[in-house]
Amino acid sequence: MGILGDSLDTAIEKAFTRPIPKSAPAQMRYLVKQEKGTRAVAELLGVSQRTVERYIKGQILRPRPELAQRLAGEVRQRWQPRVRERAKKQAATTGGIIIDTRARFGFTAAPGTTDDARLRRLTLALPPQHAARLFDAQQAGATDQQLQRITAEALGEVYFRDSGRRAQGLDVEFTDIDYLEFDLE
């Protein structure tokens with residue numbers, strides 16, 4: 001996905017109550033159970049049905065790197081869906097999310113003024129309505145650029161404009177999102 005999409009997924013994974021299966025055979029067994037058959041898993045991963053069966057029996061222990069990445073990604077996507085939804089709902093209704101970012105922030109101004117864009121590091125809590133907007137966009141298939149724009153608007157609203165009481169015209173360019181975290185208390 002991208003910086004922000006991956007960070008949202010990682011933040012959700014912190015709410016999991018059980019660890020994700022680590023070995024390839026365990027991951028394959030989980031996928032077969034979820035997809036209700038080896039044929040569906042084979043089509044999903046782009047391998048033969050016999051290959052899936054060999055993983056389940058433990059005859060193959062280590063997949064090729066690209067298959068290992070696809071397998072881990074598919075398992076991660078499907079792991080603990082109720083816990084995942086509960087964490088999203090809580091962040092979007094009551095908890096919000098905490099974001100730690102390095103980004104280039106600046107206001108629209110004449111060149112050479114103190115309002116020129118500069119790199120800043122911010123750690124701040126975004127209210128639930130902004131978290132809900134991010135999750136809705138992610139679920140609708142938004143690109144990382146679109147997610148960054150939503151986050152930039154949220155940061156501008158919360159930090160720089162203090163909910164509309166300060167300066168307008170904020171320009172944001174993300175350099176890096178260090179982490180996103182849910183306030184799940």
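Positions are given from 1, in the same order as the sequence printed here. In this text, all values refer to a predicted model and were calculated from it rather than measured experimentally.
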N/O donor-acceptor pairs under 3.5 Å from side chains in residues 72-79, not counting sequence neighbours:
residue	atom	partner	partner atom	Å
Glu74	OE1	Arg78	NH1	2.5
Glu74	OE1	Arg78	NH2	3.3
Arg76	NE	Glu13	OE2	3.1
Arg78	NE	Glu35	OE2	2.8
Arg78	NH1	Glu74	O	3.1
Arg78	NH2	Glu35	OE2	3.3
Trp79	NE1	Arg18	O	3.2

Donor-acceptor pairs under 3.5 Å, side chain of residues 50-63 to any protein atom, not counting sequence neighbours: which ones?
residue	atom	partner	partner atom	Å
Thr51	OG1	Ser48	OG	2.8

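Pairs of residues two or more places apart, or lying in two chains, never qualify as ring pair (Phe, Tyr, Trp, His ring centres under 6.0 Å) while including a residue from residues 33-53.
One N or O on the side chain of Gln146 and one on the backbone of Thr143 form a donor-acceptor pair closer than 3.5 Å.
Partners of Ala26 according to the side-chain contact (heavy atoms from CB on, under 4.5 Å) rule, which considers only residues two or more places apart in sequence or in another chain, are Pro21, Ser23, Arg29. Applying the side-chain contact (heavy atoms from CB on, under 4.5 Å) criterion to Ile150, with sequence neighbours excluded, gives Arg133, Leu134, Ala137. Considering only residues two or more places apart in sequence or on other chains, Arg39 meets the side-chain contact (heavy atoms from CB on, under 4.5 Å) condition with Glu43, Gln49.
The two residues Val83 and Ala15 have their closest heavy-atom pair at CG1-O, 3.2 Å. What you find for Arg84 and Phe16 is that their closest heavy atoms are NH2-CZ, 3.3 Å.
Atoms CG and CG, from Leu44 and Leu71 in turn, are 9.0 Å apart once rounded to the nearest 0.5 Å. Atom CD of Gln27 is separated from atom CG of Leu45 by 10.0 Å, given to the nearest 0.5 angstrom.
In this structure, the side chains of Arg82 and Arg86 stay at 4.5 Å or more apart for every pair of heavy atoms.
Counting non-hydrogen atoms of neighbouring residues, nucleotides and ligands closer than 6.0 angstrom, the CD atom of Glu66 exceeds 12 such neighbours.
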